[in-house]
Peer 1: 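Got a structure here, written out as structure tokens. Questions coming.
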Amino acid sequence: MVLAATTETQANPKVIKTSIYHFPPFFIVEKNHPRIGLGLDLISAMNDVQSEYKFETVETSPRRRHDMFQKGLYDVSLFDHVNWGWSSENVETTNIYLKGGERYISSNSTQKKTDFFQDISSKKIGAILGYHYRFAKFETDPQKLNKRFDINLVTNQEQIIKQVLANRIEIGVVTETFLKKYLRENRENADRIVISKNYDQEYNFVGIVRKNASISALTLEKIIYAVTTSPKYKWIADKYGIHWHH
């Protein structure tokens with residue numbers, strides 16, 4: 001399915017500002033490095049399948065993204081979840097297009113009891129600054145988190161894995177999609193990591209769209225669907241080892 005467009009829209013597409021922030025493997029946004037990731041590949045394909053809209057990226061961070069949204073600096077957030085600080089009064093959402101979650105990981109250098117991951121509140125935890133976690137009741141304020149937990153907040157999921165392997169933290173919280181990609185690329189560490197059977201949270205990725213934006217959530221959904229069902233773009237799912245949800 002490729003969306004049709006007129007000559008006029010081809011010449012003057014509506015610009016849709018779309019946020020990106022460091023959230024591997026969806027968005028890898030690091031200084032002095034090209035911006036890459038599943039989300040960038042999806043956005044490129046979304047521009048390719050139609051010409052009525054042009055999706056342009058706006059760089060933000062987990063901590064700044066809501067403030068930037070309130071200031072009107074962008075209108076669309078991909079690979080998001082309405083529970084991650086969004087008010088349904090201000091936004092519309094697409095249907096789910098990818099399911100995922102966050103797993104707990106630990107080093108296998110010490111014997112783990114079967115319930116090791118059931119209650120992590122008393123353990124030294126590694127997590128990402130600005131991310132929303134179920135174990136923390138979705139609190140993102142670093143000061144509040146440090147009062148409640150023995151927690152090490154970093155900006156990179158690979159840092160968390162390295163700290164687990166070095167036994168600097170007892171438990172890391174890592175996005176399942178990133179973990180799978182890491183283990184494919186670092187097979188020598190697969191036996192050194194214990195992965196929880198339970199999730200910290202399971203999430204259903206949707207697109208968040210500002211109400212009254214130049215694009216509706218339904219239209220955004222159709223464009224995403226056009227990409228994720230097209231054989232031409234099957235390489236995106238294959239590259240990241242995912243299965244789109246339709």
Side-chain angles (χ1 to χ4, degrees), residues 22-27 37-39 62 78-86 93 95-142 144-206 208 237 240-246:
H22 193 62
F23 183 23
F26 308 104
F27 303 110
L38 194 165
L78 298 173
F79 299 99
D80 216 318
H81 195 300
V82 74
N83 288 344
W84 293 349
W86 299 102
T93 64
N95 278 337
I96 299 161
Y97 50 84
L98 184 65
K99 291 181 175 253
E102 281 150 344
R103 298 277 191 183
Y104 301 131
I105 63 170
S106 183
S107 165
N108 71 354
S109 61
T110 56
Q111 186 66 36
K112 301 292 189 301
K113 295 181 179 178
T114 55
D115 61 351
F116 183 78
F117 293 112
Q118 293 302 315
D119 179 14
I120 72 168
S121 60
S122 63
K123 299 177 176 70
K124 187 168 183 61
I125 304 165
I128 298 291
L129 179 68
Y131 280 21
H132 296 78
Y133 296 105
R134 184 176 60 81
F135 78 85
K137 297 182 178 177
F138 303 105
E139 177 60 64
T140 60
D141 186 301
K144 292 179 180 178
L145 290 172
N146 278 299
K147 284 182 180 178
R148 289 171 54 192
F149 304 100
D150 183 3
I151 191 165
N152 185 20
L153 296 170
V154 298
T155 58
N156 185 306
Q157 293 196 86
E158 190 164 347
Q159 281 180 274
I160 294 175
I161 296 174
K162 288 179 178 178
Q163 289 177 350
V164 163
L165 292 173
N167 292 308
R168 290 179 56 196
I169 56 176
E170 293 177 272
I171 287 182
V173 195
V174 182
T175 303
E176 186 173 48
T177 307
F178 178 82
L179 181 61
K180 287 179 179 179
K181 183 174 183 292
Y182 174 87
L183 292 175
R184 283 200 308 272
E185 296 171 354
N186 300 272
R187 296 182 187 277
E188 70 279 7
N189 289 332
D191 293 336
R192 300 176 61 200
I193 295 173
V194 179
I195 304 169
S196 66
K197 293 181 180 178
N198 57 305
Y199 287 93
D200 174 75
Q201 63 178 314
E202 291 182 81
Y203 40 68
N204 301 313
F205 278 133
V206 298
I208 302 286
Y240 295 96
I242 61 164
H243 299 281
W244 297 112
H245 182 79
H246 299 122

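These values consider heavy atoms only, across backbone and side chains, with no hydrogens, waters or symmetry-generated copies. We're numbering straight along the sequence, starting at 1.
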Peer 1: Is atom NZ of Lys123 surrounded by more than 12 heavy atoms (other residues, nucleotides or ligands) closer than 6.0 Å?
Peer 2: yes
Peer 1: Backbone N or O of Asn189 within a donor-acceptor pair of the Asn186 side chain at under 3.5 Å?
Peer 2: no
Peer 1: In Å and rounded to the nearest 0.5 Å, what is the CD to OH distance from Glu102 to Tyr131?
Peer 2: 8.0 Å
Peer 1: Can you see which heavy atom on Thr140 is nearest to which on Gly130, and at what distance?
Peer 2: CG2-O, 3.7 Å
Peer 1: Can you tell me how far the CD1 atom of Ile151 sits from the CG atom of Leu145, to the nearest 0.5 Å?
Peer 2: 5.0 Å
Peer 1: Could you pull out the closest heavy-atom pair between Thr155 and Ile128, with the gap in Å?
Peer 2: C-CD1, 3.9 Å
Peer 1: At their closest point, which heavy atom of Ile171 faces which heavy atom of Val164, and how far apart are they?
Peer 2: C-CG2, 4.4 Å
Peer 1: Mind listing the closest non-hydrogen atom pair of Gln201 and His132 along with its distance?
Peer 2: NE2-O, 2.7 Å
Peer 1: Is the gap between the ring centers of Tyr240 and Phe178 under 6.0 Å?
Peer 2: no
Peer 1: Taking atom CD1 of Ile105 and atom CD of Gln163, what is their separation to the nearest 0.5 Å?
Peer 2: 10.0 Å
Peer 1: With sequence neighbours left out, write down each residue that passes side chain to side chain contact (heavy atoms under 4.5 Å, CB included) with Ser196, or none if nothing qualifies.
Peer 2: Arg103, Tyr104, Phe117, Asn198
Peer 1: Quick one: CD1 on Ile160 to CG on Asn152, what's the gap to the nearest 0.5 Å?
Peer 2: 8.5 Å
Peer 1: Look at the side chain of Glu139 and the backbone N and O of Lys144, then say whether any donor-acceptor pair between them is shorter than 3.5 Å.
Peer 2: no
Peer 1: Can you establish whether the number of heavy atoms outside His243 located under 6.0 Å from its atom NE2 is more than 12?
Peer 2: no
Peer 1: Let me confirm one number: the OH-CZ distance from Tyr97 to Phe205, rounded to the nearest 0.5 Å.
Peer 2: 7.5 Å
Peer 1: Got a donor-acceptor contact below 3.5 angstrom from the Arg134 side chain to the Tyr199 backbone?
Peer 2: yes
Peer 1: Dump the intermediate steps for side-chain contact (heavy atoms from CB on, under 4.5 Å) on Lys137 and Arg148, then the final yes or no.
Peer 2: CA-CA 11 Å; Lys137 297 182 178 177; Arg148 289 171 54 192; 4.2 Å; yes
Peer 1: Hey, mind stepping through Thr175 and Phe79 against side-chain contact (heavy atoms from CB on, under 4.5 Å) and telling me if it holds?
Peer 2: CA-CA 12 Å; Thr175 303; Phe79 299 99; over 6 Å; no
Peer 1: Are the side chain of Asp200 and the backbone of Phe135 linked by a donor-acceptor contact shorter than 3.5 Å?
Peer 2: yes
Peer 1: Drop me the distance from Lys162's NZ to Arg168's CZ, to the nearest 0.5 angstrom.
Peer 2: 11.0 Å
Peer 1: Specify the closest pair of heavy atoms between Ile120 and Ile125, including all atoms of both residues, with the distance to one decimal.
Peer 2: O-CD1, 3.5 Å
Peer 1: Could you walk me through whether Leu98 and His245 pass side-chain contact (heavy atoms from CB on, under 4.5 Å), step by step?
Peer 2: CA-CA 5 Å; Leu98 184 65; His245 182 79; 5.6 Å; no
Peer 1: For a quick check under 3.5 Å, do Tyr203 and Asn83 share a side-chain donor-acceptor pair by atom type?
Peer 2: no
Peer 1: To check you understand the geometry: which heavy-atom pair defines the closest contact between His81 and Ile208, and what is its length?
Peer 2: C-CD1, 4.4 Å
